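Right, one structure below, let's go through it.
Nothing here was measured: the structure is a model prediction, and the numbers come from that model. Letters A, B, ... mirror the listed sequences (proteins, then strands); counts begin at 1.
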Amino acid sequence: MPEGHTLHRLAGSLDTAFAGTTPAVSSPQGRFADGAALLDGRAFVGAQAWGKHLFAEFAGEAYLHVHLGLIGTFDVTPLPRDDDGGYAVPPPVGAVRVRLLSAGGPPSPEHPGGRAAYVADLRGATLCEVATPDQVDDVVARLGPDPLRAHADPERAWARISKSQRSIADLLMDQAVLAGVGNVYRCEVLFRHRVDPHRPGREIRRATWEKIWADLRLLLPIGVRLGQIVTMDDQVQEALLGGYDPAAVPISPTGVSAWRPNPQGALERRYYVYKRQGELCRVCGSRIRTAQVAGRNLYWCGRCQRRR
DNA sequence: AGGTGATGGTCAC
DNA sequence: TGACCCTCACCTG
């Protein structure tokens with residue numbers, strides 16, 4: 001389920017599991033054998049996400065650079081201890097491109113109860129490479145502002161949007177314009193502001209863009225916190241009431257989203273328009289429409305999001 | 001057993 | 001704009 005929230009949550013999970021440890025790095029599937037050998041035996045410094053890109057830093061300025069693409073997953077799992085304090089390492093299931101494995105550790109000031117052992121398995125990623133700091137900088141330089149990063153500048157996106165003849169739906173998915181938004185968030189945020197997805201960027205009012213940006217700064221952190229895309233107002237309220245303080249947006253000064261486990265469990269998967277073609281709009285009752293735009297499915301309500 | 005789609009992106013034409 | 005890459009759950013028969 002990789003839109004930006006997934007990657008920021010993942011960065012936090014990897015930090016929780018591995019920061020300060022020296023995980024064993026391997027490639028059970030074999031396709032990343034060389035990269036794994038390069039990273040194995042190095043201390044894990046920390047992970048960060050920029051848009052949909054994940055960078056995990058290892059000692060010696062070596063970065064594991066991952067892009068999950070459409071179908072990739074990176075599962076981080078604590079390994080339960082048995083009565084003797086040992087643990088069983090599960091055999092890799094399926095095509096595991098990269099496996100990180102930490103041994104856990106005894107009680108320490110940072111981990112008073114002792115640290116768990118963790119395993120993290122990467123599958124299906126569209127990109128997995130070892131990168132230098134310069135290469136990381138190059139990738140980041142090509143990305144638009146990421147609403148999940150503390151110092152993201154929405155003006156950079158507006159400068160592109162306000163001059164473009166391309167549709168706002170197209171622009172919101174362009175990672176060079178705005179980093180981290182994918183098909184679900186784009187469809188949903190356009191509905192939330194009743195914007196016709198086909199409207200050219202240059203016809204979008206500045207105030208409308210400011211509302212969209214502010215909304216993404218609300219919705220994406222909720223997605224990080226819950227590990228789930230939540231866009232419907234009642235569920236947003238539920239997330240906020242569930243101990244989630246919008247004033248304490250989980251964005252650290254460095255931009256890495258703080259990670260805490262979902263305290264409530266998954267919410268019902270429910271959207272305004274995404275994948276609801278032919279069903280009735282929850283607001284006006286007309287049928288939700290869909291169209292292929294640049295190879296991706298777009299969903300919208302033709303009445304609520306009529307051009308004005 | 002085989003086919004399909006999926007919250008993504010790149011490259012060639 | 002289309003071909004292709006990545007993996008796997010879910011569908012069809």
> What residues form a ring pair (Phe, Tyr, Trp, His ring centres under 6.0 Å) with A:Phe44, not counting sequence neighbours?
Replying inline: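 Ring pair (Phe, Tyr, Trp, His ring centres under 6.0 Å) list for A:Phe44, sorted by chain: A:Phe18, A:Phe58.
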
>> Once ring pair (Phe, Tyr, Trp, His ring centres under 6.0 Å) is applied, do any residues pair with A:Phe32, and if so which ones, sequence neighbours excluded?
In response: none

> Which ILVMFWY residues can you reach from A:Leu79 by hopping between side chains whose heavy atoms are under 4.5 Å apart?
Replying inline: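 Listed partners: A:Tyr87, A:Val89, A:Leu101, A:Val119.
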
>> Tell me whether the rings of A:Phe55 and A:His65 are parallel (<30°), tilted (30 to 60°) or perpendicular (>60°).
In response: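 Aromatic pair A:Phe55/A:His65 classed parallel.
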
Pairs satisfying salt bridge (Lys or Arg N to Asp or Glu O under 4.0 Å), at least one member in [range], at least two apart:
| range | value |
| --- | --- |
| residues 126-142 of chain A | none |
| residues 75-94 of chain A | A:Asp75-A:Arg123 |
| residues 178-189 of chain A | none |
| residues 91-108 of chain A | A:Arg99-A:Asp121 |

>> Filter on side-chain hydrogen bond (donor to acceptor under 3.5 Å, both in side chains), then keep only pairs touching residues 281-294 of chain A, sequence neighbours left out; what's left?
In response: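 The answer is A:Gln292-A:Asn297.
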
Under 3.5 Å, which N/O atoms of the protein pair with N/O atoms of nucleotides 9-12 of chain B?
from, atom 1, to, atom 2, distance (Å)
B:dG9, OP1, A:His67, NE2, 3.4
B:dG9, OP2, A:Lys52, NZ, 3.3

> In which ranges does DNA chain B form stems of 3 or more consecutive Watson-Crick or G-U pairs, distances under 3.5 Å?
Replying inline: B:1-6 with C:7-12, B:8-12 with C:1-5

Taking only nitrogen or oxygen atoms into account, show me every contact under 3.5 Å that the protein makes with nucleotides 7-11 of chain C, one pair per line with its distance.
from, atom 1, to, atom 2, distance (Å)
C:dT7, OP1, A:Gln29, NE2, 2.5
C:dC8, OP1, A:Arg123, NE, 3.3

>> Between A:Lys275 and B:dG5, is there a contact of a side-chain N or O with OP1 or OP2 at under 4.0 Å?
In response: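 Result: no.
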
Can you give each donor-acceptor pair under 3.5 Å made by side-chain atoms of residues 156-165 of chain A, sequence neighbours left out, with the distance rounded to 0.1 Å?
from, atom 1, to, atom 2, distance (Å)
A:Arg156, NH2, A:Leu143, O, 2.7
A:Ser162, OG, A:Trp158, O, 2.7
A:Ser164, OG, A:Arg166, N, 2.9

